[in-house]
Amino acid sequence: MATIYKTRINILQHKLKERNIDYFIISDADSHHSEYVCDYYKIRSAFCGFTGSNGTLLVGREDAYLWTDGRYFIQAEKELKGSDIILMRMGEKSVPTIREFLAKRYETESEKMSVTIGCDGSCMMKGAMDEIRDAFAKVGKNVQFYYDSNLARDILKETGAQEKYFQFKSSKIRVLPEPLQGKCIDNNIQSIRDALIKVRADVFLSAKLDTNMYLLNIRGEDITYNPVAFSYVLVSDKNVVLFVKEEAMTDELKAYAKQHNIRLENYNCFEKKLTFYTTGKTVVTEFQSLSAKAHEVLTVNNAEVVEGDCGVALLQAIKSKKEIELIKNIYIKDSAAVCKFFYWLSRQTPGTITEYAAACKMDALRKEIPENRGLSFNTISAYGANAAMMHYETKENDCATLENGNVFLLDSGGQYDGGTTDVTRTVVIGEPTEEMKQNFTRVVRGMLALQNAVFMKGCIGMNLDILAREPMWEVYMDYKCGTGHGIGYMLNVHEGPQAIRMRGSGIAGQTEIAPGMIVSDEPGIYLEGKYGIRMENILLCEEACENHDGIFLKFVPLTYVPVDMRLINKEEMEPKEWIRLVCYQQSVYEKVSPLLSDEERRWLKKETDCQ
């Protein structure tokens, strides 16, 4: 397969020389900065073979580089093998960002005062382009962007790429029934209008797909695992405009739009209609999710563009009482399905089950839940060394068998009428080594430390991240990813702005953890070539108490799946840590056992017994 990637990159390099372009940026990206994209937009994957959700390919006239984060280092190394593409490990010492790399590349070339960077302007975000411009300005260089939405795709067609890269049809949009509507659409719109008045702006423009779905209480199926539809939303003092593809407009949606005074417009006419709605207006929008091309349309037509989100990120992140009630109910049912899976796994003979078969079993158990509408991401079913790849994808004809003597990691989640779930458990197949037990215990200690945290109102994720990492740091170990992410309500499994991470910038790095927010708690240890351990519970933030010192907050778990006690080394735990584990195991049995069969209940009783 490396041959076809070399061919495509070589053709692109030839065209760069013809057009006098210095570098061309390719991402698996749509016009909305979606984390996951449908096949139509997976252009980077088709050019280099790397299939991770986060990665940027930079192709120069003579060289090519791929940037990705620590979740994908092992996977990228494997998938790029033989391609001549240089892997840039984001976050590692001496590895520059793309903008730093480009600026440094031309810093000393005095004869080249202007550099041309090519990209698909409809899929490159305004914020990313500003960062590149700023980096070049610091070294006294100018940068100009060459927009071409067809260059890379034409090369794919020329080299016989699959049809999925050239055709895409939107799915039908469904309106959430009233019992599932967590917040009133009219209140959502009014909150935006109030924010516009405060900042003295005329129009709010949202390009974020999950935000658009949330604001209007609608859902789609345009991206696998993410219940969203390709859309834009415009809100002014008089209008609410929803841009969606014509094939997505159902009679139900049209009636709903009429009821709530929403004007429906054709998604394919967005840029033309954007001019009509925003010319001469002050427009508030998020630069990180607005394409450079859309921003250009605004500025060419004398719109004043202000960066902001009118408070919608927090509106979406802080769940209502109704949403919390529905989410708690779904998590109990989802946890029961995961418990049923591990009961089933405990009855299988080692060496007879593959990673793929295990994933299929877990997926099937979720489908049995009446509210289930599919998965929230592709199930990660990884044994042994494969578990060291954080986002490993098992395939039917390319997967490991669960043998005695190593650990098995299952990271999975579902989409439901009532919530979105995510849970990870690591268990041992056969007898664990002492090293496995020590490392597993460290991970559990970290997970329980964050889960049991009590903290002051005003803390951000970076204040809390150390709680989960400390057991690993004690022995000079770390994991190359964040500790926790937000989770949507019947939406994306990764949602901001809140996050538990060691470092960060912007709204994602500075958002306070507030009551009603949901975050994941998933520390891990990943030993390349040996095994990976991750334990993930989902936590809900609640107020603990208020006194003369201020307001104190706490977390309560939504996930109730047992910890594998065979991997626990009690001697490695402090008394309070052991008590935390005992209390959690007891709560698992209390919450989940009523949903299990008699045999499953007896199994769970044994699994949660800490004696």
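Numbering of residues begins at 1 and proceeds along the displayed sequence.
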**Q** Holding to ring pair (Phe, Tyr, Trp, His ring centres under 6.0 Å), I want the full list of residues that pass it with Tyr146, two or more places apart in sequence or in another chain.
**A** none
**Q** Residues two or more places apart in sequence or in another chain: which of them pass salt bridge (Lys or Arg N to Asp or Glu O under 4.0 Å) with Glu323?
**A** none
**Q** Is any side-chain heavy atom of Leu209 closer than 4.5 Å to a side-chain heavy atom of Ile223?
**A** yes
**Q** Which residues pass the salt bridge (Lys or Arg N to Asp or Glu O under 4.0 Å) test with Lys17, not counting sequence neighbours?
**A** Glu62
**Q** Taking all non-hydrogen atoms of both residues into account, name the closest pair between Tyr165 and Ile43 and its distance.
**A** CD2-CD1, 4.3 Å
**Q** If the threshold is 4.0 Å, N to carboxylate O, is there a salt bridge linking Lys480 and Asp69?
**A** no
**Q** Tell me, which pairs form a side-chain hydrogen bond (donor to acceptor under 3.5 Å, both in side chains) where one or both residues lie in residues 291-303, sequence neighbours left out?
**A** Thr275-Asn301
**Q** Salt bridge between Asp84 and Lys6, side-chain N to carboxylate O under 4.0 Å?
**A** yes
**Q** Would you check if Tyr392 and Ile74 make a side-chain contact, meaning some heavy-atom pair closer than 4.5 Å?
**A** no
**Q** Does CD in Glu246 sit with more than 12 non-hydrogen atoms of other residues, nucleotides or ligands closer than 6.0 Å?
**A** no
**Q** Apply side-chain contact (heavy atoms from CB on, under 4.5 Å) to Thr282 and list each qualifying residue two or more places apart in sequence or on a separate chain.
**A** Ala201, Asp202, Glu304, Val306
**Q** Applying side-chain contact (heavy atoms from CB on, under 4.5 Å), can you list everything that pairs with Ala195, at least two apart in sequence or on another chain?
**A** Cys310
**Q** Less than 3.5 Å apart, any donor N or O on the side chain of Glu221 or Ser171 sitting next to an acceptor on the other?
**A** no
**Q** Mind checking what makes ring pair (Phe, Tyr, Trp, His ring centres under 6.0 Å) contact with Tyr225, not counting sequence neighbours?
**A** none
**Q** Between Phe168 and Phe230 (judged by ring centroids, cut-off 6.0 Å), do the two rings come close enough to count as a pair?
**A** yes
**Q** Closest approach of Lys273 and Phe243, non-hydrogen atoms and distance?
**A** CB-CE2, 3.5 Å
**Q** Does the distance from a Lys or Arg side-chain N to an Asp or Glu carboxylate O, for Lys319 and Glu495, drop under 4.0 Å?
**A** yes
**Q** Taking only residues at least two apart or on different chains, which pairs with a member in residues 29-39 satisfy side-chain hydrogen bond (donor to acceptor under 3.5 Å, both in side chains)?
**A** Asp30-Ser34, His32-Tyr267, Glu35-His494, Asp39-Lys42
**Q** Holding to salt bridge (Lys or Arg N to Asp or Glu O under 4.0 Å), I want the full list of residues that pass it with Glu131, two or more places apart in sequence or in another chain.
**A** Arg99
**Q** Which residues satisfy the side-chain contact (heavy atoms from CB on, under 4.5 Å) test with Asn150, sequence neighbours excluded?
**A** Asp148, Asp154
**Q** For Asp28, check salt bridge (Lys or Arg N to Asp or Glu O under 4.0 Å) against everything at least two apart and list the hits.
**A** Arg44
**Q** Could you check Leu290 against Leu298 for side-chain contact (heavy atoms from CB on, under 4.5 Å), going step by step and ending with a plain yes or no?
**A** CA-CA 11 Å; Leu290 185 74; Leu298 290 169; 4.1 Å; yes
**Q** Return the set of residues passing side-chain hydrogen bond (donor to acceptor under 3.5 Å, both in side chains) with Asp134 (not counting sequence neighbours), or none when no residue passes.
**A** none
**Q** Any heavy-atom pair between the side chains of Ile218 and Arg174 that's under 4.5 Å?
**A** no
